[in-house]
Amino acid sequence: QVQLVESGGGVVQAGGSLRLSCAASEGTFSSYPMAWFRQAPGKEREFVAGINYSGRSTYYADSVKGRFTISRDNAKNTVDLQMNSLKPEDTAVYFCAASLGALVELQPAEYDYWGQGTQVTVSS
């Protein structure tokens with residue numbers, strides 16, 4: 001089994017920045033496409049950003065393009081999400097996820113392992 005643990009969430013004012021980190025326990029981490037999802041109360045879980053196994057390809061939801069950056073360090077078994085210019089609508093629980101498949105996917109059902117989530121609250 002793979003364990004994923006997110007950290008870095010918190011409360012920030014609109015326009016501020018946060019950096020989320022996801023640490024994986026698995027030694028074959030470098031083979032997994034990874035993604036960040038978020039879920040707000042009453043909303044479905046939505047794709048935020050994804051990164052392929054090597055880190056050479058990244059994908060972003062339109063709502064975060066230009067503001068968020070996903071990266072990975074396979075030597076450290078970590079995936080980060082740098083969030084800049086935060087908006088109140090970014091408020092949600094953020095989850096990291098790993099896939100045993102070959103591709104970054106947009107649907108939560110395509111991911112096999114999930115972290116516990118970390119709360120991000122952006123105040124106006």
Side-chain angles (χ1 to χ4, degrees):
Q1 60 181 359
V2 176
Q3 296 182 71
L4 303 174
V5 180
E6 302 99 334
S7 62
V11 180
V12 65
Q13 291 184 329
S17 298
L18 285 173
R19 189 176 185 91
L20 307 183
S21 184
C22 175
S25 63
E26 230 285 322
T28 58
F29 174 82
S30 62
S31 69
Y32 305 147
M34 299 288 297
W36 288 92
F37 290 80
R38 65 188 182 189
Q39 188 165 23
K43 303 289 184 65
E44 292 188 341
R45 192 163 44 187
E46 66 175 355
F47 177 84
V48 176
I51 189 165
N52 77 341
Y53 75 96
S54 69
R56 296 190 187 98
S57 298
T58 58
Y59 309 86
Y60 297 95
D62 288 343
S63 59
V64 306
K65 284 181 180 177
R67 300 189 297 122
F68 291 11
T69 303
I70 188 171
S71 61
R72 70 190 299 159
D73 186 338
N74 288 341
K76 296 180 179 179
N77 286 358
T78 57
V79 175
D80 288 358
L81 185 69
Q82 178 66 46
M83 305 185 295
N84 298 327
S85 301
L86 283 162
K87 304 174 181 179
E89 52 262 46
D90 295 318
T91 295
V93 177
Y94 283 70
F95 300 89
C96 68
S99 174
L100 296 179
L103 305 174
V104 172
E105 302 283 358
L106 304 183
Q107 297 299 321
E110 299 295 333
Y111 290 83
D112 300 281
Y113 301 102
W114 293 84
Q116 82 285 358
T118 187
Q119 177 71 47
V120 172
T121 301
V122 184
S123 61
S124 60

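Bear in mind the structure is a predicted one, so any value in this text is a computation, not a measurement. FYI, the numbering just counts along the sequence from 1. Every heavy atom of this structure was used, including side-chain atoms; hydrogens, water molecules and symmetry mates were not.
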Cluster link [X] to [Y], ILVMFWY, side chain under 4.5 Å:
X: V122; Y: F95; result: no
X: V12; Y: Y94; result: yes
X: V104; Y: V64; result: no
X: V5; Y: V2; result: no
X: V79; Y: L100; result: yes

Got a donor-acceptor contact below 3.5 angstrom from the [X] side chain to the [Y] backbone?
X: Y60; Y: G66; result: no
X: S25; Y: Q3; result: yes
X: Q39; Y: A92; result: no
X: E6; Y: C96; result: yes
X: N74; Y: Y53; result: yes
X: R72; Y: N52; result: yes
X: R67; Y: S85; result: yes

Return the [atom1] to [atom2] distance between [X] and [Y], rounded to the nearest 0.5 Å.
X: R45; Y: Q107; atom1: CZ; atom2: CD; answer: 10.0 Å
X: C22; Y: M34; atom1: SG; atom2: CE; answer: 4.5 Å
X: L18; Y: T118; atom1: CG; atom2: OG1; answer: 9.0 Å
X: L20; Y: W36; atom1: CG; atom2: CH2; answer: 4.5 Å
X: N84; Y: F68; atom1: CG; atom2: CZ; answer: 8.5 Å

Any side-chain heavy atom of T91 within less than 4.5 Å of one from Q119?
-> yes

Is any side-chain heavy atom of R38 less than 4.5 Å from a side-chain heavy atom of S63?
-> yes

Quick one: sort the F37 and W114 rings into parallel, tilted or perpendicular, breaks at 30° and 60°.
-> tilted

Indicate the atoms forming the closest heavy-atom contact of G101 with P33, along with that distance.
-> O-CD, 3.2 Å

Where is the tightest heavy-atom contact between S124 and A14, given as atom of each residue plus distance?
-> CA-CB, 4.4 Å

Report the C-alpha separation of D90 and M83 in whole Å, then their side-chain angles, then the decisive distance to 0.1 Å, and conclude whether the side chain to side chain contact (heavy atoms under 4.5 Å, CB included) test is met.
-> CA-CA 9 Å; D90 295 318; M83 305 185 295; over 6 Å; no

For side chain to side chain contact (heavy atoms under 4.5 Å, CB included), just list the numbers for Q13 and L86, CA-CA rounded to whole Å, side-chain angles, deciding distance to a tenth of an Å, and then say yes or no.
-> CA-CA 8 Å; Q13 291 184 329; L86 283 162; over 6 Å; no

Ring centres under 6.0 angstrom apart (F47, Y59) | no

Return yes if a side-chain donor-acceptor contact under 3.5 Å exists between Q82 and D80, otherwise no.
-> no

Pair Y32-D112, side chain to side chain contact (heavy atoms under 4.5 Å, CB included): steps then yes or no = CA-CA 10 Å; Y32 305 147; D112 300 281; over 6 Å; no

